[in-house]
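Proteins get letters first, then strands, A, B, ... in listed order; numbering begins at 1 in each. The model shown is predicted, which means the values in this text are computed figures rather than measured ones. All heavy atoms count here, side chains included; hydrogens, waters and symmetry mates do not.
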Amino acid sequence: MQAFEYSKPTTTKEALGMLGAQWGETDILAGGTDLLSLMKDYVHTPKRVVSLSGIKELKLIKSAADGLHIGAMVTIEELLENAQVRKEYASLVQAARGISSPQIRAMGTVGGDLCQRPRCWYFRKGFGLLPRDSRGRDLVPNGENRYHAILGNSGPAKFVSASSLAPALVALGAKVTIASASGNRTVDVEKFFMAPTDASTREVDLKPNEILTGIVVPVAGGAKQATYEVRQKEALDWPLATASVALKMSGSTVQSAKVVLGHVAPTPWNSAEAAQALAGKAINESTAKVAADAALARATPLSQNAYKVQLAKVAVKRALLAAAGKA
Amino acid sequence: MPSKYDWPAEGKRSLIGKRISRLDGPDKASGRARYAYDTNRPGGLVAKLLCSPHAHAKITRIDTSEAERAPGVRAVKVMAPAGTEVQWQGFEIAAVAADTEELAQDGVRKIKVEYEILPHLVKEEDVSKAANMIKPSAEETKGNPDSGFSEADAVHEGYYGINTITHCCLESHGQVAEWNGDNCTLYASTQALGRIGGDLAKVLGAEPATANIKPANIRVITEYMGGGFGSKFSIDKWGIVCAQFSKQTGKPVKLMLDRDQELLMAGMRPSDYAKIKLGAKKDGTITAWQHESWSTGGPGGGGAPPIPYVFTEIPNQRKRHIAVSTHTGPARAWRAPNHPQAAALTMCAMDDLAAKLNMNPLDFFIKNLPLTARGDVYKAELLKGAELMDWKTKWHPRGQGGNGYLKRGVGLSLHTWGGRAHDSDCRIVINSDGSVQAQLGSQDLGTGTRTVIGIVAAETLGIPLSGVQVQIGDSNYPPSGASGGSTTVGGVSSSTRRASVKALDKLFEAVAPSLGTTADKLVARDGRIHVEGDPSKSLTWKAACAKLGTKSISEIGRQPARDEGNLNDNGVGGIQMAEVEVDTETGIVSVKKMVAVQDCGLIIDVKTAESQCYGAMIMGVCAALYEERIFDQQTGTMLNADMEFYKLSGIADVGDMVVHMMTGVYDGRGVIGLGEPPAISPPAAISNAVANAIGVRVPTIPLTPDKVLAALEKGGRA
């Protein structure tokens with residue numbers, strides 16, 4: 001780990017004043033479960049680390065007319081313990097439970113889950129987020145891509161979005177709130193994630209001198225929800241594919257659906273095709289399967305990850321059946 | 001011939017063969033146990049290694065000047081000078097000692113190395129891509145393979161493989177070195193504390209500045225160690241540089257490998273891949289075996305697997321092997337070297353032949369037991385295992401694992417191991433205050449060695465386990481062998497038994513006059529010394545020892561020792577069965593239950609013996625389902641030299657584990673080692689269970705979802 005200056009401000013405003021204008025100058029420390037690993041591996045070498053742990057307002061969960069406001073520094077465990085979250089957002093709870101291990105749930109935060117860097121092993125071993133060898137060749141297509149993207153991978157970004165909560169938050173229509181010296185802005189969680197097209201851009205819509213301060217999850221309004229993760233291990237492991245669904249029902253048929261996949265693309269993948277396939281249908285094994293096939297119809301697997309297409313379909317199908325109470 | 005050193009008969013054992021908790025459990029659970037990694041000496045420095053980022057390269061230039069000037073850096077040493085050809089990623093290039101770990105790491109980053117990159121090979125499964133990196137062996141035959149196959153009613157041909165994996169010691173390799181004049185103390189995480197000091201002295205003795213250093217100058221201390229599994233027998237380059245730094249700076253120096261270094265260069269288990277053909281008669285009798293295998297153990301290639309395994313007496317055999325050299329970290333012994341690979345290849349091919357013959361594998365394997373060295377033992381174990389697994393109910397013909405997408409299946413495997421006792425000296429000291437010390441220059445790798453020594457001494461002296469202080473983990477104690485190959489328990493239990501009998505004889509001599517008898521009439525039991533057949537004439541242990549006055553008794557017991565009882569033996573058999581559930585939609589395998597039935601002669605402590613089996617089975621589940629060194633052929637980089645994508649099971653992933661130790665009639669053989677045997681069969685048994693569940697073979701281990709789905713698709717069962 002490279003030596004750095006550490007600061008622990010007590011207000012968001014104070015923290016904003018400490019951030020650099022360029023990536024690489026400063027890093028924001030939340031729970032540290034990702035940043036410290038990045039720093040130990042010299043993937044991140046910030047000159048200054050700004051801890052948000054002294055800012056009390058970022059640790060709150062508040063209910064308001066527009067939904068539930070969850071501070072960025074709320075830990076995953078605190079999220080899981082919140083009565084309103086447990087009552088209204090089953091899919092978010094299921095997503096949070098998937099975050100292993102208990103130590104990560106205890107230290108890791110909601111904001112950190114959204115802002116963690118991709119787990120792409122080429123990135124983590126120092127080959128860059130858009131990994132290239134010394135001659136400029138893209139390493140992923142002919143390399144070890146079993147865990148890489150099967151959707152949205154036609155550009156240079158072939159990693160998968162690492163966030164466990166994002167698919168559920170996108171399905172629930174949540175927004176992130178972002179503070180900067182020039183004021184606050186809100187962005188749909190769906191739009192917060194971006195596939196970078198060149199080495200100067202990141203995977204989220206956040207500038208180096210901005211802070212993600214929290215999320216707002218709209219009132220669930222009785223939508224049926226579920227998140228399903230396909231993972232190889234019960235213990236500490238990353239999902240191979242995830243799906244989170246939110247269904248507005250009209251009687252026993254779907255009025256409108258959101259089907260969001262995770263760990264299959266550089267961003268959470270909101271499948272309009274699956275939503276369309278479900279409109280007006282009752283949820284059963286066969287409609288769920290049709291929706292799953294629709295969600296993956298445009299999949300473009302790489303040399304080693306065609307199996308993930310099947311896993312993603314299973315995730316969609318099982319999430320739909322679970323949401324409909326038929327799992 | 002019976003001897004006074006013989007193990008007590010079954011009815012006369014008070015501690016041996018019981019279930020006794022390990023002596024150091026509370027110290028380990030509470031964190032009081034001090035490992036090499038926990039050792040921090042006053043004023044000590046920390047050293048870090050610079051390792052090659054390239055798999056194959058020539059060092060053209062190395063410049064340490066900036067590192068030498070860096071803050072806090074006390075010493076820099078080049079381990080691979082310009083001109084060295086690096087053969088794997090992680091190859092040691094230089095080391096830096098500094099005031100803190102962080103400053104040492106900063107110093108390492110300031111060393112400038114220029115490389116000429118050379119072509120590399122880091123993958124071996126596709127042997128056709130190995131080009132000039134292969135070394136084929138001559139064909140070996142036994143009997144007449146062609147006529148063996150023509151006698152067969154069914155012939156099966158298949159492809160099988162098991163990959164390279166690492167040791168994943170919880171405590172990484174390394175040590176602390178501290179000099180006092182010409183005497184060095186090494187606090188080392190080692191399986192061989194009696195050996196590495198001498199190895200270090202030999203290296204130092206060859207250098208002018210330290211030419212006077214002899215083995216007696218080096219003391220090695222290993223109070224506790226966090227796993228070795230065969231990878232910690234050597235002083236290693238990092239041990240030498242650590243000692244040199246300490247000598248040079250006059251300060252204690254600590255050098256422990258980082259986790260990525262541990263995974264890259266501190267040892268791996270060679271792979272084995274094979275095309276296997278075997279034939280059998282309708283009744284299941286195997287008539288012929290043929291294989292072409294290939295494997296890598298890193299730069300040195302890979303040795304031929306000992307297959308057919310266990311069923312070595314198959315009458316007609318033809319074998320060929322290709323050693324593939326790869327630019328990856330080199331092999332070291334891995335818990336039962338070559339056996340897990342051999343079991344996976346043999347037992348999976350046999351299981352497929354059984355399926356082809358429409359035979360229950362339990363019957364098929366039993367039918368062929370005459371081809372093994374211990375058919376009766378295996379038969380008893382297979383029947384016991386079948387009962388514990390409820391094999392009769394759970395086994396079904398392939399493809400009948402259930403109607404839903406979750407399929408259940410069972411599989412089995414057999415294994416063997418030696419486990420002969422290593423050389424060991426034990427000193428038993430009895431003091432006049434009643435205290436007893438058992439002293440051995442042995443090390444407890446976490447297996448329960450300390451506990452076993454205590455049990456044997458206490459049993460022999462007739463005192464409670466708490467009455468014996470077990471003193472091990474220090475090369476100043478009488479020498480005992482390295483802990484590898486399941487040789488420790490036989491060695492230390494035998495030497496401890498002999499020393500204890502001798503020491504007790506001396507005590508009897510000292511107290512006999514006061515009990516009005518002779519030494520040969522005395523026995524020690526329940527904390528008392530009394531006249532055989534007359535418990536009224538007795539002394540408490542403490543009172544008896546008080547008769548020693550100002551003297552102590554100190555006796556050495558030796559293994560081996562002629563005419564001092566048959567205390568140990570060699571050669572065991574074991575079987576394991578696995579039950580799995582496979583999600584055929586996702587290809588994810590979960591182990592539901594495993595059964596291990598194991599013979600290892602006389603068991604000193606049933607509880608720690610069972611623990612050995614549990615640990616081995618968990619390690620086996622990891623190897624069967626998760627572990628892989630994943631290399632990128634483009635860059636030569638190991639992409640998962642971490643604990644995130646080098647996957648190991650958690651406790652939720654291992655299922656129900658049942659262990660049955662074969663005791664009773666097997667006790668008469670004496671003590672035999674147990675470290676290796678239970679680690680052999682899990683991948684084979686689990687792979688066979690998966691084949692039973694889903695109806696098709698997943699050819700190579702680990703059984704990851706992508707491979708399971710591909711096998712289902714190929715078999716038309718997706």
Residue among B:G650, B:S590, B:A710, B:P705 with most heavy-atom pairs under 4.5 Å to chain A: B:P705
B:D583, part contacting chain A, at a heavy-atom distance under 4.5 Å: side chain
Residue pair B:D632 / A:Y122, side-chain donor-acceptor N/O under 3.5 Å: yes
Region of B:L639 that comes under 4.5 Å of a non-hydrogen atom in chain A: both
Residue, of A:Q304, A:K308, A:R231, A:K40, that accumulates the most heavy atom pairs under 4.5 Å with chain B: A:R231
A:R97 atom CZ: more than 12 heavy-atom contacts under 6.0 Å: no
Distance, nearest 0.5 Å, that separates CD of A:Q310 from OG1 of B:T584: 9.0 Å
Segment of B:T704 engaging chain A (4.5 angstrom heavy-atom cut-off): both
Side-chain heavy atoms of B:Y626 within contact of A:D237, under 4.5 Å: no
Gap separating the NZ atom of B:K647 from the NZ atom of A:K233, nearest 0.5 angstrom: 7.0 Å
Residue B:M657 excluded, over 12 heavy atoms near CE under 6.0 Å: yes
Distance-minimising heavy-atom pair for B:Q634 and A:G143: NE2-CA, 3.2 Å
Heavy-atom closest contact (A:R318 atom, B:T586 atom, distance): NH1-CG2, 4.0 Å
Heavy-atom neighbours of A:R298 CZ exceed 12 at 6.0 Å: no
Validation row: B:E713, A:Y307 side chains within 4.5 angstrom (heavy atoms): no
Step-by-step side chain to side chain contact (heavy atoms under 4.5 Å, CB included) determination, A:L311 to B:L709: CA-CA 10 Å; A:L311 302 193; B:L709 288 176; 3.8 Å; yes
Salt bridge A:K125-B:D642, side-chain N to carboxylate O under 4.0 Å: yes
Spatial distance of atom CE (B:M638) from atom CD (A:E144) [nearest 0.5 Å]: 11.5 Å
Residues, nucleotides or ligands: over 12 heavy atoms within 6.0 Å of B:D656 CG: yes
Among the listed options A:V230, A:D41, A:L139, A:L236, the residue most often paired with chain B at heavy-atom distances under 4.5 Å: A:L139
Evaluation steps, side chain to side chain contact (heavy atoms under 4.5 Å, CB included), between B:E585 and A:K317: CA-CA 11 Å; B:E585 291 187 343; A:K317 186 181 80 170; 2.6 Å; yes
Part of A:N142 within contact of chain B (heavy atom distance under 4.5 Å): both
Closest non-hydrogen atom pair between B:F645 and A:R119, with its separation: CE1-O, 3.6 Å
Chi angles and distances behind the side chain to side chain contact (heavy atoms under 4.5 Å, CB included) call for A:R146, B:E628: CA-CA 13 Å; A:R146 68 177 74 177; B:E628 272 181 275; 2.8 Å; yes
Toward chain A, the part of B:Y405 with a non-hydrogen atom under 4.5 Å: side chain
B:K58 atom NZ: more than 12 heavy-atom contacts under 6.0 Å: no
Carboxylate-amine/guanidinium contact B:E644 A:R124, below 4.0 Å: no
More than 12 heavy atoms of other groups within 6.0 Å of B:K129 NZ: no
